[in-house]
Amino acid sequence: MSNSPTQIQLIQPDDWHLHIRDGEVMKDVLADTARQFARAIIMPNLKPPVTTVDLAKAYRSRIESNLNSLGIDTFTPLMTLYLTDNTSADEVRKAKAEGMVAFKLYPAGATTNSDAGVSDIKHCYAALESMQLVGMPLLVHGEVTSSEIDIFDRESVFIDSVLEPLRKDFPELKVVFEHITTKEAAHYVRDATTGNINTLAATITPQHLLMNRNAIFAGGIRPHNYCLPILKREEHRVALLEAATSGSSRFFLGTDSAPHAKDAKEAACGCAGCYSAFNALGLYAEAFESVDKLEKLEGFASFFGADFYSLSRNSKKITLVKQVQSIPNELPLGNTTIVPLRAGETIAWSLV
Ligand code: NCD
Ligand code: ZN
């Protein structure tokens with residue numbers, strides 16, 4: 001590490017998996033993201049979920065008016081629709097025509113605001129057929145939901161019971177295995193043989209590159225380190241870090257930054273989601289530096305996602321410096337507050 005750089009320049013990154021919510025809180029979280037990223041894939045799990053093109057267009061207008069009032073004209077939201085048992089082939093065609101970039105599959109009950117999710121993927125075959133045909137990516141929350149399956153096994157069981165059959169049935173469908181958390185998922189994507197191998201990719205969050213499941217229980221229960229899919233054992237973190245820093249274009253940045261108010265996290269039944277948007281790039285830089293692979297950050301953060309979505313790469317450059325940044329204990333979130341990832345601690349890298 002002695003030769004480690006103290007400054008790196010890269011093409012401005014995009015966040016390929018982001019929750020910004022709605023209403024008053026949206027403005028606060030948008031500002032954090034837009035400081036670092038040029039574009040972000042906006043997740044559709046609002047209450048009620050964004051299940052139609054009309055709802056997605058209305059959501060996009062609300063985002064744009066918040067960006068306007070923040071004076072930000074350098075950030076583009078990329079809109080997604082929430083797949084349900086009833087999504088029609090026609091809605092998929094309409095989504096494509098209206099510039100929506102993907103559909104998101106939430107198995108019903110898998111995570112925050114997923115009650116309206118898919119009960120059985122077989123119900124979605126007409127929509128998936130249409131997505132494959134028009135080149136509309138499917139983003140998957142890759143966990144089975146059945147309560148008999150141990151929470152630490154839900155992702156690996158999903159691979160065998162849902163993902164592999166899906167890849168066989170729709171070999172040309174573009175699939176992003178979102179926020180992967182296990183060695184099994186990293187290796188499944190790395191070694192993909194089922195379907196057209198150029199149609200499979202995965203996003204990885206900063207928390208899954210930097211922490212293992214001990215972080216949820218360090219000295220007591222740590223609700224701000226609880227997200228879904230849940231942090232796993234150290235061997236899984238190591239496999240994810242290896243995948244992210246491998247230079248393989250199948251792995252790219254998706255923070256899954258998922259804001260929940262402080263009191264909704266610090267509760268008897270606290271919400272799942274880590275708020276990493278405050279200095280996500282600093283967190284990723286730390287992770288890559290920990291294995292001496294800072295030179296692989298630009299591909300992961302700035303190129304591979306755009307290439308997968310067939311969007312142009314950004315052209316503006318940004319600079320990260322090795323300069324310790326203190327992370328506040330709390331940040332404003334509408335009329336309440338939020339506790340960011342690393343609250344009260346420091347991050348080794350900062351955006352200039
Ligand atoms: C996300 C949220 O809060 O919307 N929570 C999370 O723990 N990641 C939903 C999700 O992406 O699973
Ligand atoms: Zn998410």
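All ligand and atom numbering here is 1-based and tracks the order in the structure.
- Interface atoms of ligand 1 facing His17, defined by a heavy-atom separation under 4.0 Å, are 11 (O).
- Salt bridge status for Arg167 with Glu164: absent, with no side-chain N to carboxylate O gap under 4.0 Å.
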* Asked: Does the pair His19 and His260 meet the rule for a side-chain contact (heavy atoms from CB on, under 4.5 Å), with working shown?
  -> CA-CA 10 Å; His19 301 266; His260 291 279; over 6 Å; no
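- Under 2.8 Å from the Zn ion (ligand 2) lies no N/O/S atom of Glu178, from backbone or side chain alike.
- In this structure, Gln207 falls outside the shell of residues with a heavy atom less than 4.0 angstrom from ligand 1.
- The proximity of Asn45 to ligand 1, defined as any non-hydrogen pair under 4.0 Å, is limited to the side chain.
- Put simply, the side chain of Leu138 does not reach to within 4.5 Å of the side chain of Cys124, judged on heavy atoms.
- For Glu289 and Lys322, the salt-bridge test passes: some basic side-chain N is under 4.0 Å from an acidic carboxylate O.
- Applying the 4.0 Å criterion to heavy atoms of Cys227 picks out, from ligand 1, the atoms 7 (O).
- The shortest side-chain heavy-atom distance between Leu128 and Leu166 falls under the 4.5 Å cut-off.
- Not less than 6.0 angstrom separates the ring centroid of Trp16 from the ring centroid of Phe308.
- Distances below 4.0 Å separate heavy atoms of Thr111 from the following atoms of ligand 1: 5 (N), 9 (C), 10 (C), 12 (O).
- Ring pair His141/His179 is perpendicular by interplanar angle, where above 60° counts as perpendicular and below 30° as parallel.
- Heavy atoms of His260 approach ligand 1 to within less than 4.0 angstrom.
- His208 has its ring centre no less than 6.0 Å from the ring centre of His236.
- Residue contact check: Gly273 has heavy atoms under 4.0 Å from atoms 5 (N), 6 (C), 7 (O) of ligand 1.
- Under 2.8 Å from the Zn ion (ligand 2) lies an N/O/S atom of His19, whether from backbone or side chain.
- For atom 8 (N) of ligand 1, the closest non-hydrogen atom on the protein side is Asp256 OD2, 2.7 Å.
- Lys232 places a side-chain N or O within donor-acceptor distance of the main-chain N or O of Ile230, the cut-off being under 3.5 Å.
- Around atom 11 (O) of ligand 1, the closest heavy atom drawn from Arg21, His19, His141 belongs to His19.
- Those atoms of ligand 1 with a heavy atom of Ala258 less than 4.0 angstrom away are 1 (C), 2 (C), 3 (O), 5 (N).
- Looking from atom 7 (O) of ligand 1 to the surrounding protein, the closest heavy atom is Leu228 N, 2.8 Å.
- Proximity of Met43 to ligand 1 is not established, as no heavy-atom distance is less than 4.0 Å.
- Heavy-atom contacts of Ala272 reach the following atoms of ligand 1: 3 (O), 5 (N), 6 (C), 7 (O) (cutoff under 4.0 Å).
- Distances from the Zn ion (ligand 2) show that His141 has no N/O/S atom below 2.8 Å.
- Using a 4.5 Å heavy-atom threshold, the side chains of Leu253 and Asp14 count as separate.
- Atom OD1 is the N/O/S atom of Asp256 found closest to the Zn ion (ligand 2).
- One N or O on the side chain of Glu286 and one on the backbone of Ala348 form a donor-acceptor pair closer than 3.5 Å.
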